Each structure stands twice: as structure tokens, then as C-alpha cells.
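Quantities reported herein were computed from a predicted structural model and do not represent experimental measurements. Numbers restart at 1 for each chain; the letters A, B, ... are given by sequence-line order, proteins then strands.
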There are 2 protein chains.
Amino acid sequence: MDAQPGRSVTSKVLALLDAFTPATPALTLTELARRAGLPLPTAHRRAAELVAWGALERGDDGRYRIGLRLWEVGSLAPRGLGLRELALPIMEDLYEVTHENVQLAVRQGLELVFIERIAGRHAVPVLTRVGGRFALHATGVGLVLLAYAPAEVQEQVLAAPLERYTELTITDPRRLRRCLAEVRRVGYAVSDRQVTMDALSVAAPIRGSDGVVAAISLVVAHDRADPLALAPLVQAAGRVLSRALGTSYRRSPGRVPSPTRSETQ
Amino acid sequence: MDAQPGRSVTSKVLALLDAFTPATPALTLTELARRAGLPLPTAHRRAAELVAWGALERGDDGRYRIGLRLWEVGSLAPRGLGLRELALPIMEDLYEVTHENVQLAVRQGLELVFIERIAGRHAVPVLTRVGGRFALHATGVGLVLLAYAPAEVQEQVLAAPLERYTELTITDPRRLRRCLAEVRRVGYAVSDRQVTMDALSVAAPIRGSDGVVAAISLVVAHDRADPLALAPLVQAAGRVLSRALGTSYRRSPGRVPSPTRSETQ
DNA sequence: ACCACAGCTTTCACTGAATGAAAGCCGAGG
DNA sequence: CCTCGGCTTTCATTCAGTGAAAGCTGTGGT
């Protein structure tokens with residue numbers, strides 16, 4: 001039980017936050033300590049400080065939950081709420097026109113994170129959650145984000161085993177590589193029943209000042225889907241958003257004059 | 001600003017997060033250190049750890065921003081996204097019926113935090129931001145949250161000076177006290193031009209297992225508003241949500257899954 | 001009523017993670 | 001070429017953090 005190096009106090013605090021997942025949003029102290037890999041008294045002390053600040057909250061049942069204060073701070077993430085605020089009107093337009101599910105996602109490491117979704121009441125049910133993660137190689141948004149990701153990221157994804165969700169999921173690295181090339185060629189991605197056997201999605205990239213920063217998609221029932229008809233719609237939405245990003249991400253912070261003009265459109 | 005002993009590492013980490021505000025979502029190291037009240041090397045080291053984990057992100061310009069990983073964790077807050085997920089369908093109903101702004105807020109200490117809003121394109125513009133804070137004594141949602149807050153909270157708010165936003169803002173503690181009693185009597189709150197001179201809001205409480213946990217409101221142009229007609233609508237929405245909360249907040253203590261030793265991805 | 005137990009909280013002597021002054025580094029501007 | 005502001009790294013010192021163990025509290029069993 002020697003204290004392994006690299007176990008800073010900060011890392012312990014972050015491990016406590018990491019213990020919470022969508023499946024387990026409320027934890028007892030003991031669960032929290034075990035998941036964070038910390039001795040109980042340590043977890044207790046750190047958690048108490050987090051509660052005092054509002055990063056965690058403690059219910060009447062003694063369980064810890066993520067606190068509103070952390071949600072507030074998290075809402076300042078440019079790639080989170082910032083992006084959402086920008087995209088929501090366009091997503092709503094897309095929804096009004098199609099009455100299908102609209103999704104917005106960004107890449108985080110080797111996975112994607114859903115930033116927002118509009119779930120049509122009569123649309124095909126999707127199992128995604130705002131704030132939830134998913135693999136890059138199956139969904140429409142994932143294929144777009146992967147296709148335009150740095151080569152290094154692509155290689156890492158292609159090197160790892162590709163999980164199979166349905167019989168149509170692409171799990172062969174060679175096929176996936178061809179698929180990504182095709183996505184780059186046509187400028188949009190189609191995932192036909194690669195996640196569930198009833199749904200199909202069409203996705204397009206959203207470009208920021210340095211490459212593709214997000215992806216937007218429509219998810220529709222596979223049997224009433226016409227990818228070729230949907231693609232222009234989604235692509236147009238992606239382009240509108242790319243433009244909006246370009247204009248809104250100009251920084252005007254007093255002293256720093258624009259340092260680099262390295263926009264890669 | 002002296003290095004007072006009693007400053008825990010955790011508090012420093014949290015101070016770093018606290019440095020970010022809606023008005024300043026991107027900070028240089030120097031700004032960050034100054035706002036957090038930390039020496040530069042300390043801020044640098046802690047910030048580096050936060051970046052490594054994803055709580056912060058560092059742009060090409062060297063500035064720090066809130067990271068997506070923190071947004072993800074924050075999205076697990078029951079009073080944040082949890083509440084939003086539950087409320088959104090009802091909020092949309094309210095929007096469809098009225099085509100006015102719909103707002104959802106909870107109390108955090110002596111202020112309120114907006115959890116979600118639906119802003120009608122043709123509705124009166126509101127200056128609220130999801131994740132933003134506001135005083136309790138002026139808005140419709142604020143009056144509801146204050147009226148049903150613990151006596152101790154009410155006293156604290158009444159004791160402090162009440163900021164004036166318009167000539168109709170209630171700033172006299174006695175009047176505010178009467179107003180709150182009226183809110184409790186009728187079960188909804190009306191804020192008539194108490195925030196801006198063009199808007200009026202009608203709000204109703206949302207009750208959880210222990211008292212009022214949130215408030216929902218409609219914000220409409222003051223000249224085409226009929227509070228008495230809107231109140232039943234908003235109250236009905238509040239009641240539906242109260243019921244939904246009651247059923248969904250039943251906890252299943254659950255068994256513990258396999259021993260996870262999840263390293264940070 | 002009593003005991004057994006599980007989960008939480010506090011204590012206390014010890015230790016290494018954190019600290020900040022100072023020195024080094026880098027890039028922009030003169 | 002030199003200066004300046006902002007960032008990064010070093011190093012000896014020390015105080016916040018630590019965990020084993022003891023104490024507490026509420027719950028369920030007999």
C-alpha cells in the first residue's frame with residue numbers, strides 16, 4: 001500500500017468526480033471511495049470540501065450527487081453549452097422541416113460526446129443522452145468526426161477492436177478506412193443500421209477555425225429513409241453552423257491583437 | 001493575499017474553476033492566478049493537472065477554458081440536466097400553447113440558477129442565460145423559489161439590500177414579505193415589469209419529496225399579458241412536473257457492479 | 001431490551017505533496 | 001542586439017494531507 005507517485009491531491013479530487021456516471025449518479029461514501037480508489041477517510045475529507053463548495057451535494061439519504069455549482073461551471077465550456085447555444089436554432093429548423101431526431105456531437109479523445117439532441121415524439125427512439133459518450137466508428141456523427149480527425153486519432157481507433165452493435169456495424173479496419181475516405185469525398189456520412197437495426201443517420205461536419213469541431217445529424221427510421229434527400233439538408237445546417245462558429249469565435253480580449261492568421265478553411 | 005495557512009489544495013483547485021464566469025470564459029494563466037488568488041507557479045501546476053484530466057482546456061492562444069470533461073460530469077447533476085430532461089417535454093407543451101418564453105429555475109443559496117429556457121423567436125426577448133444566476137426577489141421564478149424557501153433563507157434575503165432593476169422592482173422588505181405571503185396563498189407568482197419594463201412573468205412551484213425544488217414560468221410582453229389566464233397553465237405544468245419528480249426520484253440503492261479501476265481515459 | 005453489524009466520522013502522529021522565491025526560457029517589439 | 005512580459009522549471013522547506021485505529025450512530029435480529 002505504498003503511495004504510488006502521481007497520486008496528487010488534485011488527482012484524488014478528480015477521481016471523486018470521475019466516480020459518477022450516468023448509470024450511477026448517486027453514491028454512498030463507501031461506493032465513492034471504492035470507485036475513486038481512495039481510503040475511506042480520505043474520500044470523506046475531500047468529498048466534504050467538494051460539498052462545501054457545491055461541486056457535490058449530499059441528499060437526506062447520505063448519498064453524494066453532482067452539485068449544481070459544478071453544472072454551472074461546466075455550462076461555461078465553449079464546446080458544451082457554448083456550442084449548443086449557437087446550434088440550437090439551426091437544430092430546431094432541421095427538426096421543424098423533418099420532424100426527425102437531430103443530434104449534435106463533438107469528439108473527445110477516441111469517443112464522441114453528445115452535446116444536444118432534439119428527440120421528435122413520433123420519431124424513431126434513440127438511445128443517446130446529452131452528455132453521454134459513444135464510439136466513433138458506428139454513428140453518423142461519429143463517422144464524420146473520425147473522418148476529419150487527426151491521422152493519429154484515426155490510427156488509434158483503427159488499431160483498437162471495433163465494437164459490433166448490429167450485423168451491419170463496420171468492424172473491419174480496412175472497410176472503415178474506405179468508409180472514412182468516402183465520407184471526406186462526399187462531405188457527409190451515412191450510418192445505415194450500424195447502431196440499431198431500425199435507425200439510419202446522416203451527418204455533416206461543422207468546421208471551426210482549426211478543422212472539424214463538431215458534427216450534426218438526423219436520425220430516422222431506416223425504412224422510410226432517403227439518405228440522398230436528407231444529406232443536402234444536414235450539410236446545409238453544418239455549413240450555416242460553420243459560418244456562425246467562424247464569426248462568433250473571433251476573440252476581442254482587450255490587449256491581445258490577433259496573433260496568428262492560420263485559419264484553415 | 002498573503003499565504004494564509006488553512007488554504008487546502010482542494011480549495012485552490014476549486015478557486016481555479018471559480019475564476020471562470022459567463023463574462024470571462026477564457027483566461028490566461030496570469031489572469032487565472034490573480035482571480036483565484038494564487039501565486040503563479042501554483043496556479044500553473046494545478047491548472048496543468050486540470051488540463052490533463054480534461055476539466056480545463058488550453059487553446060492555441062494559451063488561454064484556459066472550461067473543458068468538455070467538466071461539462072460531462074456537470075451534466076450528471078440531478079438538479080441540472082436531470083431536472084431539465086424531465087421538464088423539457090412539459091416546457092415544450094407550454095411553448096406550443098403560448099409561443100412565449102418558458103423558463104425553469106432552481107434556488108442555489110440566495111440566488112436562482114436558470115436550468116433551461118425556451119425562447120420563442122417572436123416572444124419578448126429575455127436576458128437570461130442557461131446556467132446563469134439572478135436575484136430571487138424580482139423574477140416570477142425567483143418569487144416562487146423565495147416564497148417556499150426555508151425561513152432562514154427568506155430572512156437573509158430580506159435583510160440584505162434588494163437591488164432595483166426597474167421602478168416597479170420591490171425593494172421594500174415589508175412589501176416583499178407581503179408579496180411572498182400572497183404567492184403562497186394563491187400558489188403562483190406574478191412579476192409585473194419588475195426586471196425589465198417590457199416583460200411580465202407568471203411562475204409556479206415544482207414540488208419534490210421535500211418542498212419546492214424548482215419553479216417554472218412564462219415570460220410575456222407586459223402589454224399583451226393576462227396573468228389570470230396564464231396562471232392556471234403554468235400551475236398545471238408545475239403540478240405535472242411535481243408528480244413526475246415524485247415518481248422518478250424513487251431511488252433503487254442497487255448492487256455494486258464489478259470493481260472498476262477506471263483510469264482517466 | 002440487548003447485541004451485532006455496517007457505514008460514517010473523528011483522532012493523532014507521521015510524511016511527502018505542495019509550495020514560492022528565484023532563476024531560466026521564449027517570443028514579440030523596439 | 002537588447003528588453004520586457006508572460007510562462008515554465010528548479011529546489012530546499014514545511015504544512016496540508018494521510019490512514020490505521022478508535023469512536024459513533026442507526027438498523028435489524030433475537
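Atom pair B/Lys12:NZ and C/dT19:P shows a separation of 4 Å (rounding to whole Å applied). As rounded to whole Å, 15 Å separates atom P of D/dC7 from atom CG of B/Leu38. Whole-Å rounding puts the A/Leu40 CG to D/dG17 P distance at 18 Å. Atom-to-atom, CZ of B/Arg58 to C1' of D/dG6 comes out at 10 Å; the value is rounded to the nearest Å.
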For residues 147-161 of chain B, please give each side-chain donor-acceptor pair under 3.5 Å, one per line with the distance, not counting sequence neighbours.
| from | atom 1 | to | atom 2 | distance (Å) |
| --- | --- | --- | --- | --- |
| B/Gln154 | NE2 | B/Leu146 | O | 2.9 |
| B/Gln154 | NE2 | B/Ala147 | O | 3.0 |
| B/Gln154 | NE2 | B/Ala149 | O | 3.1 |
| B/Glu155 | OE2 | B/Arg177 | NH1 | 3.1 |

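For DNA chain D, the residues of residues 42-51 of chain A within the heavy-atom distance limit of 4.0 Å (strictly under) are A/Thr42, A/Arg45, A/Arg46, sorted by number.
At distances below 3.5 Å, not a single donor-acceptor pair connects side-chain atoms of B/Ser217 with backbone N or O atoms of B/Ala203. Remark: side-chain polar atoms of A/Arg107 are paired, donor with acceptor, to backbone N or O of A/Gly109 under 3.5 angstrom.
With D/dC7, C/dC8, D/dT18 as the choices, the nucleotide that has an atom nearest any side-chain atom of B/Leu29 turns out to be D/dC7. In the set D/dC7, D/dT9, C/dA18, the nucleotide with an atom closest to the side chain of B/Pro41 is D/dT9.
Ion pair A/Arg129/B/Glu85 not flagged as a salt bridge, since none of the NZ, NE, NH1 or NH2 atoms sits closer than 4.0 Å to an Asp/Glu carboxylate oxygen. Contact check on A/Arg84 versus B/Glu116 returns a salt bridge, with a Lys/Arg side-chain nitrogen under 4.0 Å from an Asp/Glu carboxylate oxygen. Salt bridge annotation for B/Arg46-B/Glu49: present, with a cationic side-chain nitrogen under 4.0 angstrom from a carboxylate oxygen. A salt bridge links B/Glu111 to B/Arg133: one of the charged nitrogens lies within less than 4.0 Å of a carboxylate oxygen.
Crowding of A/Arg239 atom CZ: a count of heavy atoms from other residues, nucleotides or ligands under 6.0 Å not exceeding 12.
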Each nucleotide N or O in nucleotides 24-28 of chain D that has a protein N or O under 3.5 Å away: list the pair and distance.
none

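For the pair B/Arg69 and B/Trp53, the cation-pi criterion (under 6.0 Å, within 45° of the ring axis) is fulfilled.
Between A/Thr28 and A/Thr10, it is A/Thr28 whose nearest contact on DNA chain C lies nearer the 5' terminus.
Among the atoms of the strands shown, only primed sugar atoms or phosphate atoms (P, OP1, OP2) are found under 4.0 Å from some heavy atom of B/Pro39.
Put simply, B/Arg7 has no side-chain N or O that comes within less than 4.0 Å of OP1 or OP2 on C/dG20.
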